[in-house]
Structures are given as C-alpha cells and as structure tokens.
*Asks:* 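Can you read through this structure? Questions will come right after.
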Amino acid sequence: MSTPDTAAPSNFIRTIIDEDLQSGRRDTVITRFPPEPNGYLHIGHAKSICLNFGLAADYNGRCNLRFDDTNPAKEEDEYVDAIKKDVAWLGFDWGEQPLFASDYFDQLYRWAIELIKKGKAYVDSQSAEQMRVNRGTLTEAGKESPYRNRSVEENLELFEQMKNGEHPDGSHILRAKIDMASPNMNLRDPAMYRILHAPHHRTGDTWCIYPMYDFAHGQEDSIEGVTHSICTLEFEDHRPLYDWFVKELDIFAPQQIEFARLNLSYTVMSKRKLLQLVNEKHVEGWDDPRMPTISGMRRRGYPAAAIRTFCERIGVGRAASWIDLSVLEECVREELNATAYRRQAVLNPLKVTITNYGQIEQLDAPNHPQQPGEGCRTLPMSGTLWIDRDDFMEDPPPPKKYFRLGPGREVRLRNSYIIKCDEYIKNEKGEVIELKCSADLDTLGKNPEGRKVKGIIHWVSAEHAQKVPVRIYDRLFNQENPDKAENYLSALNPASLQETFALAEPSLMEAKPGETFQFERVGYFTVDSKDSKTGAPVFNRTVTLRDTWAKVK
RNA sequence: UGGGGCGUCGCCAAGCGGUAAGGCACCGGAUUUUGAUUCCGGCAUUCCCAGGUUCGAUCCCUGGCGCCCCAGCCA
C-alpha cells in the first residue's frame, strides 16, 4: 500500500479506494482491463486503460490485462494481438502473460453445477422468443418459465447433456433462479450458459456451451483477486447480479465501480459501427488514420504520451460528458511541439525568383529552435523557390496587420534572407503565377538596420525540392454527434481525406516510418508506416498548428 | 408511465455544512527568424429550479424540471 501520487487529480474512484485502504477493507489495489477480442481498441478504451493501469501504478498494486473471450462467435486472435500491441504501445505493462476468461471455463462450469445443486439455477427449454415474451416489460413483471421447477437431478443431467453436445444451439439454456418480477430486468432469471457449437479461438472445440458475461465477469474478477472492478455506467444495473453470483458462490467479492464512458465529438465509438466502417470500406481499415482507434491514431502520428495526457485531462466522473475533439488535438500539439523536429515544405506552391541571387548555398537550420542541443540540418537555398500561395496577396486587405508578401512588401524567408516583392506575373486567367523578388543579402542570421520585418514565411528551393505524397486528414464525420443523424453513415465527411503532395526540403527524404515532423507554419506530419518505402516517405497530416491568423481573417 | 443513474463557467472537473480548486476554450498584453511556442493578466457574488432546516447550504430535507441507461441465448 502506498499513498497515491499527490499530483494525481482527485476523483470519486480514488476517494473510494482511499476509504477502502484506510478502513482496512482492502490492503491492496488490483484492477483489470477486460477487453473482448472482437474489435480494435479505441480512444474510449484508452480512457479505461489509463484509469485501470494508472490506479494500479499509483497505489503500487497490479492491473491485469484479461481478455473477456466468452463469445466465440465474435472473437478472433487477430484482435487479441492488436489489443496487446495497443496496450503496450500506450505504455502499460500487464506482467508476464495476458489472462483469458477462457482459462477459467472449467471453474465456471463447476460453479454452474454448484448453483444447480443449490437450487439456484435451472435449465430452461423455452425458445428465445418465448423467453423474451415471458421476461415481461419495463413496467410489467415477467412470467416464470414452465421449466423453472425442474428437479436438481434433471437440471444436472440436462446441463451435462448440453455440455456434451447432445443438444442443438438454442434448444436449452442455463438460467439463474432469481426473481421474474424484479423491477431490475437483469434479475429476471438471467441466462448463465448458452449452447454454441462454435470453435473458440483458444479452446477450440472443447466446449459447446459458453458462459454469459454476467455469469463470468464477477467470477473472473474474484479468481484474480480484483479489488476494484471498474467498468462503464451501463453495467450499473448488472451490479446486483454481479454481487448475487459472488455471494451465492461464497467467493472473494470484488467491488464493481462504474464511470461514464467517453464521448468524443465528430466521431463514433461503438465497436459495431467501427466494424461496419471497416467492413463497408468507408475507411481503409481499423488503423485508418481517421479512425478513433488506438492503431489509427498511432498511424496518424498521435504520440502515446498525448493520449495519456488526454485521458488524465478529461477526468473521470459519472455524468454523461462530451469531449470536444479539439481537446485531444491540443494534447497532440503539446507533445509534438516539444518533440518534433522542424522542417520546411510547401503544399500550395507559388514560384518565386530572386533576381539578385544566382548562387546556391547550404544553410544551417535548427532541428528544434527551442532546443539548440538537437542540432541542425542542411537546408539548400537558391534563386528559384517555392513558397505557399497563402503567403502572397496581390491586394492585401485592410486588416491592419497583414504581414506577408504583397507588392512592394518585405518578408523574412524562414532560416534565410529577407526578400522584397518587386513585381508579380499573372497568366491569361489573371492568376498570379510568379513573384520577382530581391533579397537583402545582409540579413542572413541577423536583422536589418532601421526597419523591422515582421512577416516570416516558409519556402523550399525549387531545384532541390522533393515531391512527396501527403494525406490531409480531417474529421471523419461532419456532425458533432453522428449518432443523432438518421443514419450515422450519412454524417460521414466526404472530405475527410484529401490526397495531395508537398514540395519538401531534401532532408525529409531520410524520414523513417512513424517519425513526426513539424512542417513549419503548416502542421505536424508523420511518415506513414504502411505506405512509405525507404527513401520515399508518404506523409500523414497528424494535426495542424494553431492558427490565430485564420481567425482574424 | 417500473428500476437504476446524472445535473457546479462554453467543454471537462474538484468540492462532501463555513462562505466556488484546476485544466481546456476564450479575451487582453509581452517576447519571438514558425501569426507557432513561451510568458504575464482577465474569466461562476454563484452551483438545474422552487421551497424548507441552519448563525451559515453547491453540499442536509421536500417537491418539481431536464438528461442518460435497462426488456441479447452480446459484452
């Protein structure tokens, strides 16, 4: 036991734990993160992971990674592997081996028999439809099954037959005998075991009956000595059942604590929907950089530390909350600003000829201006450059403070000289296609005497520029809450991906998969880990830079 | 309309009867070879509403109002 990290924010779960520790009800903190391997982890899971592993770490306890694999119809090893990778990438350690609910199938089966013997469970032979009808409604009590009072012997025999594969799917089911009139629907004789002739990803065809979540989860926690079983709010109504099984079985009793799940604006979080986006090819896959999955964010370039910061920043509570996507993006900027090397690249090129500069120079440009220790890279400069179209205005508008290029205006070329726009050339359509500028050759590494040049723009030497593919990502949905649309798919943002290219400074060609750079004045870009080849990087825009000028305009 | 929850600044969120933390956003201003970063300063006489108890209530009581979850042999 230890005192919690004083820097850790107070929340109701820590309060409960502190009380448990103080009162001596618990002498350690053991939590668990229990994903079902039926899909990839998303940012909502990250909240749970950070919470569970974070609590365990702060209290010097332990957090188990346990796969809740009780439904072979939906679960696959591919998901197990992806989940392990994501949890590890987020920076958490689950010890030697991950655990599996399926490791406890034998024990669970014995416990089911125990309850049958106690007269607390019975085999029902109604059809699923009959069961549904007899369950009653929210306002009417249910009716007891005609099979509810079978003898213990008959129940034992039928359950054994179920296990032995003598009955087809759906023909029988093991139910807890509780109360068909309970106002809590979960207590109206809930299902414990169903027949499922499906191979399990780990137990193969050893079993053809599988435990339901309610009959499995609490006991799994109990076996592992979990002290605080943290789950989301929708399981609150299941808590009486969770406690019921633990009590009837007379085993170690963990405490279930529920918190509000994460909702993020402009995205959907249900695994069913994410799976549909993947299956119907609305996205490239689970790790599409637009997906709210951990793998998608990793590929997009979001640092694990940023996700952890986000999870801490949003807090934990019981009130339904919606977090704006910009909060996550801000965490990403915060992390990347501190770590990413700076580079120059132009996305919307406009040609600039420097009339008084015929040579080629190899300039030194810092990798990270705030951290001189990170050194410099070589940046070639010549008389023909590409700059961004947004940095020139033929007729700068009144906005008092415009300090980019325009006729007769001066501007600093980032890491290079100050230039002045002497003339500009248009094509027959009236579009500006080239700028003729003169450079003040006495301004490299120093400011000119007597005048102040406020504007600074990025550029790249035309003859040295490297053309690299760039994917500009935007939010996947263009409605704050896609679930409010008639069909969430109709809220899909058709412009969530724009493929284009950038003219990049040469040093960028050595960029390695997964590396993130700040393209100065533009945003952060990460080398795609799937589509890049050695010497041929493909860049994903991770997030833009904050742009207060855009707001002023 | 049965049961279980929730309602503190634009968005999160502390607070647990003693007179409203913090973060993000936002608004000023300073520094700056990224209109970025950084840095300073501002930002709820008020806690869903109405009564009540109390010297004193966001915290207790009563009654409203609003929102979320539950009728899978999913988790």
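No experiment lies behind these values; they were computed from the predicted model shown. Labels below follow one simple rule: chain letters A, B, ... track the order of the sequence lines, proteins then strands, and each chain is numbered from 1.
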*Asks:* When rounded to the nearest Å, what value does the distance between C1' atoms of rG35(B) and rC69(B) take?
*Replies:* 47 Å
*Asks:* Taking rC43(B) as the reference, what is the distance to rA25(B) when you measure between their C1' atoms (whole Å, please)?
*Replies:* 11 Å
*Asks:* Counting side-chain heavy atoms from C-beta on, which of rC12(B), rC70(B), rA14(B) comes nearest to Asp237(A)?
*Replies:* rC70(B)
*Asks:* Arg132(A) side chain N/O closer than 4.0 Å to the phosphate oxygens (OP1, OP2) of rA71(B)?
*Replies:* no
*Asks:* Nearest whole angstrom, please: distance from the P of rC12(B) to the CD1 of Ile323(A).
*Replies:* 6 Å
*Asks:* Identify the nucleotide, in any strand shown, that forms a Watson-Crick or G-U wobble pair with rG41(B), with both distances under 3.5 Å; if there is none, say none.
*Replies:* rC27(B)
*Asks:* Between atom CZ in Arg239(A) and atom P in rG3(B), what is the gap in whole Å?
*Replies:* 17 Å
*Asks:* On the nucleotide rG72(B), are OP1 or OP2 found under 4.0 Å from the side-chain N or O atoms that Arg135(A) carries?
*Replies:* yes
*Asks:* Is a side-chain N or O of Gln126(A) found less than 3.5 angstrom from the main chain of Ile173(A), in a donor-acceptor match?
*Replies:* no
*Asks:* Look at all strands and tell whether Val316(A) reaches a base, only sugar-phosphate, or nothing, counting heavy atoms closer than 4.0 Å.
*Replies:* sugar-phosphate
*Asks:* Taking donor-acceptor contacts at under 3.5 Å, does the side chain of Asn184(A) reach the base of rG4(B)?
*Replies:* no
*Asks:* Touch check for Gln370(A), heavy atoms < 4.0 angstrom, all strands: base, sugar-phosphate only, or nothing?
*Replies:* base
*Asks:* Taking atom P in both rG5(B) and rG18(B), compute the distance separating them and give it to the nearest angstrom.
*Replies:* 26 Å
*Asks:* Give one of base, sugar-phosphate or nothing for Lys271(A), where a contact means two heavy atoms less than 4.0 Å apart.
*Replies:* nothing
*Asks:* Considering only atom C1', compute the distance from rU46(B) to rA20(B) and round it to an integer number of Å.
*Replies:* 7 Å
*Asks:* If you look at every strand shown and take non-hydrogen atoms under 4.0 Å, does Tyr193(A) touch a base, only sugar-phosphate, or nothing?
*Replies:* nothing
*Asks:* Decide, yes or no, whether a salt bridge links Glu75(A) with Arg202(A) under the criterion of side-chain N to carboxylate O below 4.0 Å.
*Replies:* no
*Asks:* In whole Å, I'd like the distance from the CE atom of Met185(A) to the C1' atom of rC70(B).
*Replies:* 8 Å
*Asks:* Which nucleotide in the set rG3(B), rC73(B), rC74(B) lies at the smallest distance from any side-chain heavy atom of Met131(A)?
*Replies:* rC73(B)
*Asks:* What does Asp124(A) touch in the nucleic acid at a heavy-atom separation under 4.0 angstrom: a base, only the sugar-phosphate, or nothing?
*Replies:* nothing
*Asks:* Below the 4.0 Å mark, does rG3(B) have OP1 or OP2 next to a side-chain nitrogen or oxygen of Thr139(A)?
*Replies:* no
*Asks:* Take Asp324(A) and Ser326(A) through the side-chain hydrogen bond (donor to acceptor under 3.5 Å, both in side chains) test and state the conclusion after the steps.
*Replies:* CA-CA 5 Å; Asp324(A) 199 90; Ser326(A) 62; 2.9 Å; yes
*Asks:* In whole angstrom, give the distance that lies between atom CH2 of Trp322(A) and atom C1' of rC67(B).
*Replies:* 13 Å
*Asks:* Check whether any side-chain nitrogen or oxygen of Arg521(A) sits under 4.0 Å from OP1 or OP2 of rG35(B), and answer yes or no.
*Replies:* yes
*Asks:* Nearest to the Lys74(A) side chain among rC74(B), rU34(B), rG15(B), which nucleotide is it?
*Replies:* rC74(B)
*Asks:* Could you check whether Gln126(A) gets within reach of a base, just the sugar-phosphate, or nothing at all, counting any heavy atom under 4.0 Å?
*Replies:* base
*Asks:* Starting at CG of Asn71(A) and ending at P of rA75(B), how long is that distance when rounded to a whole Å?
*Replies:* 5 Å
*Asks:* Pick base, sugar-phosphate or nothing for Ala319(A), based on heavy-atom distances below 4.0 Å to the nucleic acid.
*Replies:* sugar-phosphate
*Asks:* Is Arg404(A) positioned over the aromatic face of Phe392(A), cation under 6.0 angstrom from the ring centre and no more than 45 degrees off axis?
*Replies:* no
*Asks:* Less than 5.5 Å between centroids and less than 30° between ring planes, does Tyr213(A) satisfy that with rA75(B)?
*Replies:* no
*Asks:* Do the side chains of Glu220(A) and Arg32(A) get close enough for a salt bridge, i.e. N-O under 4.0 angstrom?
*Replies:* no
*Asks:* Please confirm whether the shortest side-chain N or O distance from Lys551(A) to OP1 or OP2 of rC26(B) is below 4.0 Å.
*Replies:* yes
*Asks:* Heavy atoms from C-beta onward define the side chain here; which of rU34(B), rU37(B), rA75(B) lies closest to that of Glu520(A)?
*Replies:* rU34(B)
*Asks:* What integer number of Å spans the P atoms of rU45(B) and rU38(B)?
*Replies:* 29 Å
*Asks:* Of the candidate nucleotides rC73(B), rA75(B), rU34(B), which contains the atom at the shortest distance from the side chain of Leu545(A)?
*Replies:* rU34(B)
*Asks:* Answer yes if the side chains of Thr203(A) and Ser102(A) hold a donor-acceptor pair under 3.5 Å, and no otherwise.
*Replies:* no
*Asks:* Determine the contact category for Arg546(A): base if any of its heavy atoms lies under 4.0 Å from a base atom, sugar-phosphate if only primed atoms, P, OP1 or OP2 are that close, otherwise nothing.
*Replies:* sugar-phosphate
*Asks:* Both Leu138(A) and Glu234(A) contact RNA chain B. Which one's nearest nucleotide lies toward the 5' end?
*Replies:* Leu138(A)
*Asks:* How about Pro168(A) and His197(A): do any of their side-chain heavy atoms sit closer than 4.5 Å?
*Replies:* no
*Asks:* Given rG72(B), is OP1 or OP2 found less than 4.0 Å from the side-chain N or O atoms of Arg175(A)?
*Replies:* no
*Asks:* How would you label the contact of Arg404(A) with the nucleic acid (heavy atoms, under 4.0 Å): base, sugar-phosphate, or nothing?
*Replies:* base
*Asks:* In Watson-Crick or G-U wobble terms, both distances under 3.5 Å, what is the partner of rC6(B)?
*Replies:* rG66(B)
*Asks:* Applying the Watson-Crick and G-U wobble criteria at under 3.5 Å, what pairs with rG35(B)? Answer none if nothing qualifies.
*Replies:* none
*Asks:* Roughly how many Å is it from CG in Asn186(A) to P in rC73(B), rounded to a whole number?
*Replies:* 10 Å
*Asks:* Heavy atoms only, 4.0 Å cut-off, all strands: where does Ser326(A) land among base, sugar-phosphate and nothing?
*Replies:* nothing
*Asks:* Select one nucleotide: of rG5(B), rC24(B), rG35(B), the one nearest the side-chain heavy atoms of Val327(A).
*Replies:* rC24(B)
*Asks:* If only side-chain N and O atoms of Arg412(A) are considered, is one of them under 4.0 Å from the OP1 or OP2 phosphate oxygen of rU32(B)?
*Replies:* no
*Asks:* With C1' as the reference atom in both, quote the distance from rU8(B) to rA57(B) in angstrom, rounded to an integer.
*Replies:* 14 Å
*Asks:* Take the protein atom CZ of Phe517(A) and the nucleotide atom P of rA36(B), then report the distance between them rounded to whole Å.
*Replies:* 23 Å
*Asks:* Give a yes or no on whether a salt bridge exists between Asp69(A) and Lys74(A), defined as a side-chain N under 4.0 angstrom from a carboxylate O.
*Replies:* no
*Asks:* Taking only side-chain N and O atoms of Ser10(A), does any of them lie within less than 4.0 angstrom of OP1 or OP2 on rA21(B)?
*Replies:* no
*Asks:* What is the nucleic acid contact for Glu258(A), judged by heavy atoms within less than 4.0 Å: base, sugar-phosphate only, or nothing?
*Replies:* nothing
*Asks:* What integer distance in Å separates Asn134(A):CG from rA71(B):P?
*Replies:* 17 Å
*Asks:* Charged N to carboxylate O under 4.0 angstrom, Arg14(A) versus Asp58(A)?
*Replies:* yes
*Asks:* How far does the C1' atom of rC39(B) sit from the matching atom of rU31(B), given to the nearest Å?
*Replies:* 7 Å
*Asks:* Thr70(A) near the nucleic acid: base, sugar-phosphate alone, or nothing, with a heavy-atom cut-off under 4.0 Å?
*Replies:* sugar-phosphate
*Asks:* At under 4.0 Å between heavy atoms, what does Ile173(A) touch on the DNA or RNA strands: base, sugar-phosphate, or nothing?
*Replies:* base
*Asks:* Classify the nucleic acid contact of His238(A) as base, sugar-phosphate or nothing, counting any heavy atom under 4.0 Å across all strands shown.
*Replies:* base
*Asks:* Can you tell me how far C1' in rC47(B) sits from the matching atom in rG4(B), rounded to whole Å?
*Replies:* 25 Å
*Asks:* Given 3.5 Å as the limit, does a donor-acceptor pair link the side chain of Arg148(A) with the main chain of Asp189(A), or not?
*Replies:* no
*Asks:* Just name whichever nucleotide pairs with rC16(B), Watson-Crick or G-U, keeping both distances under 3.5 Å, else none.
*Replies:* none
